[in-house]
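In what follows, a single structure is set out as structure tokens and then discussed.
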Number of protein chains: 2
Amino acid sequence: MATMKDISKKANVSLSTVSAVINQSAYVSPELTKRVTDAIKELNYRPNAVARSLKKKSTETIGVIVTDILNPFYPPMIKGIEDVAFDHNFNVILCNTSNEHNRISTYLELMLEKQVDGLLLANIATSADLNEIEKTGLKYVLINRKPPFYDKNFVGINNTLSSELAVNHLVRQGYKRIAFFGGDLKINTARERRSGFISCMMEHGLDVDPKLVFEGEYSLDSGYNNVKKMLMEVEQLPEAICTVSDVVAFGVIKGLRDAGIRVPDDIAVMGNDNSAFSEHFLVPLSSVDHSSYEMGKLSMELLLQVIKEKEAMADRQIILTPSLVVRESCGVNRNT
Amino acid sequence: MATMKDISKKANVSLSTVSAVINQSAYVSPELTKRVTDAIKELNYRPNAVARSLKKKSTETIGVIVTDILNPFYPPMIKGIEDVAFDHNFNVILCNTSNEHNRISTYLELMLEKQVDGLLLANIATSADLNEIEKTGLKYVLINRKPPFYDKNFVGINNTLSSELAVNHLVRQGYKRIAFFGGDLKINTARERRSGFISCMMEHGLDVDPKLVFEGEYSLDSGYNNVKKMLMEVEQLPEAICTVSDVVAFGVIKGLRDAGIRVPDDIAVMGNDNSAFSEHFLVPLSSVDHSSYEMGKLSMELLLQVIKEKEAMADRQIILTPSLVVRESCGVNRNT
DNA sequence: ATGAAAGCGCTAACAG
DNA sequence: CTGTTAGCGCTTTCAT
């Protein structure tokens, strides 16, 4: 690879002149400029970003840490991140922990060593994890989940509202006895969606049967297993099931099907997330869209601001508004 | 951030001693070693990978270029890549062209500047693209698709066989009049799958009606539109449809459904890819698994070898064997 | 076995 | 306006 030195020789100018034309950081006479650009072309010169980074202490690279790229929630988010990174000539180092929690420390160290300019982390839910992140001293923004009392840079979604949208739809469809298939209550999104469900039910003057409120995980298996459990333990089945996320809804529908229960004819099922595939699922899933592409985009834009700002800027929490997506899994309005 | 210099001062040893203990590149007396490691801990020192890279001319970073991370084909592949990268302390810079073909040049330049140790590129199908890649002088391996006459490092799948598996299954189910919904014939995978289909049909002594062989793209819309076309143009519908990929099959099934044609009762549909959601699709899709996770893994392993080898090593083409996955979309055996 | 010093390719004072 | 020079943080001969 040609270096700046090669260019300076070829063009018969000094190093700083070469640097000046490359970075347009100072006026250079048209003549010298041409000599330099010609030499660059001739030698097919490309600046060495590693050397530049060493000097400038900035790599124009950020790290993105996600738990499982196989989860359909992530690809749109990553695309959003990558799109704005690309527009700003930043690169994205992808770190996929594959749900192995201990990988995160290793990634954090690697990112530190590689001198990334910042970090984007999806689904950090515990103070312990947050601590590790803080210890790196890197700039960062959290996405989607957040640890207790977290009040720094964040972009997420109004989870309470997402449940309300779901319940309202179900109620409008005429369902009254509604179950909730939730997630891990250690995670704020699961807590908020659950409480949004309960309060909205009360708002409608509807009972929530404690036997019909399940905890679980954000996984298909969790939905499937909780259906089994419900079928065993509950004598009077619900008319509708409100789930904490689409993947859970997928599991629920599978479980119901396996038990010979039709969706939506016998029981309606509502998702939450609107993941890529819900539209094409066994039974097209009504859901609540969280626009994870937008989340990715906004989080990267926020991070970029944080990075550019020399002085620490005020932290910001961006909360997106979810929107209802009606498909087939909750049937047709019963009232009409 | 603490630097090696800080450590050397604190531990009262020379820079080279510090370097030696960090890299275990030379014997250092236990005593000095301890002084150094203590200092490292005390100052919470992390080596600066940028500086190291500048010196060593290697970044332990590779670039991965894909066309669209939203395509369910990619996440498993990327996961495979990332998993082996992680095991070797490599990082992955993700480049998502979002199907904007011109983005690829920009990414290539960025990767060059960032001095990545190598490149993994999925779905490079033209000689023009290949040329651009070659011009960078970077080490690379191609995944899945390949340009005409390409005989360098590659990991892909036996596309001919994938069609044969599909046809054999369909024939075994008793179908005789079988359509083929293909892809863009400029792409080798589409060509190979198509010719695999035709030759396997002939092998079985079955006619292939030219009106029942469609070109298209690897997209849902393509499948959908070709169904419409078929419905308009063909008087006698096929008993089964063999598709070039799952997304096409998705479109086909949607199109058939919209026309009131049931799958598999009226027409059977076979996928090819076995993408993540096929199992949960409207009608669970029978398909041919390409194990894209494995492809990702193997390609990264191959690239790592290429990078480690000082002398150019012989190029290698790894062709994986697909396997049949039977679900519901091709119905139950008609012969029994 | 340890240390001194040169240099990776670039940027940014500073001088002229 | 252009050139000289001193590093950025690290590795690696080469002496000692």
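Chain A is the first sequence line, chain B the second, and so forth, proteins listed ahead of strands; every chain is numbered from 1.
- The ring-ring contact (aromatic ring centres under 6.0 Å, His included) analysis of residues 104-144 of chain A, with sequence neighbours excluded, yields the pairs Y107(A)-F86(B).
- Comparing the axis of the opening five pairs of the helix from dA1(C)-dT16(D) to dG16(C)-dC1(D) with that of the closing five pairs yields an angle of 40°, rounded to 10°.
- In this model, a donor atom of one side chain and an acceptor atom of the other lie less than 3.5 Å apart for S98(A) and K79(B).
- For the residue pair T61(A) / K114(B), a side-chain donor-acceptor distance below 3.5 Å is found, with atom types taken as modelled.
- What separates CE of M4(B) from C1' of dA5(C) is a distance of 13 Å, to the nearest Å.
- Side-chain N/O atoms of N123(A) and Y74(A) include a donor and acceptor closer than 3.5 Å.
- Proximity note for S14(A) (side chain, C-beta onward) versus dG9(C), dT2(D), dA1(C): the nearest is dT2(D).
- The distance from atom OH of Y27(B) to atom P of dG3(C) is 14 Å, rounded to the nearest whole Å.
- The phosphate of dC8(D) (OP1 or OP2) has no side-chain N or O of S53(A) nearer than 4.0 angstrom.
- Residue side chain S16(B) reaches the base of dA4(C) through a donor-acceptor N/O pair under 3.5 Å, judged by distance alone.
- Using a 4.0 Å cut-off between charged side-chain N and carboxylate O, K139(A) and E309(A) make no salt bridge.
- Taking side-chain N and O atoms only, T17(A) has no distance below 4.0 Å to OP1 or OP2 of dT2(D).
- Rounded to an integer number of Å, the gap from CG of L112(B) to P of dG9(C) is 15 Å.
- With rounding to whole Å, I22(B) atom CD1 is found 7 Å from dT11(D) atom P.
- Between the CD atom of Q24(A) and the P atom of dT11(C) there is a distance of 13 Å, given to the nearest Å.
- Residue E113(A) contributes atom CD, which lies 10 Å from atom P of dC10(D) at whole-angstrom precision.
- Proximity of N23(A) to the phosphate of dT11(C): a side-chain N or O atom is located under 4.0 Å from OP1 or OP2.
- Atom-to-atom, CD of E60(A) to C1' of dC10(C) comes out at 14 Å; the value is rounded to the nearest Å.
- V28(B) comes within 4.0 angstrom of sugar-phosphate atoms only, judged by non-hydrogen atoms across all strands, and of no base.
- R52(B) has its CZ atom 5 Å from the P atom of dT11(D), to the nearest Å.
- Evaluation of the salt bridge (charged side-chain N to carboxylate O under 4.0 Å, His left out) rule for K56(B) yields no partner, not counting sequence neighbours.
- The phosphate of dT11(C) (OP1 or OP2) has a side-chain N or O of S19(A) nearer than 4.0 angstrom.
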With 3.5 Å as the limit, what N/O pairs link the protein to nucleotides 6-8 of chain C?
| unit_1 | atom_1 | unit_2 | atom_2 | d |
| --- | --- | --- | --- | --- |
| dG7(C) | N2 | K55(B) | NZ | 3.1 |
| dG7(C) | N3 | K55(B) | NZ | 3.3 |
| dC8(C) | O3' | K57(B) | NZ | 2.8 |

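- Remark: R316(A) engages no residue in a salt bridge (charged side-chain N to carboxylate O under 4.0 Å, His left out) (not counting sequence neighbours).
- Of the possible polar contacts, none joining the N91(B) side chain to the I93(A) backbone as a donor-acceptor pair under 3.5 Å is found.
- With sequence neighbours left out, S16(A) forms a side chain to side chain contact (heavy atoms under 4.5 Å, CB included) with S14(A).
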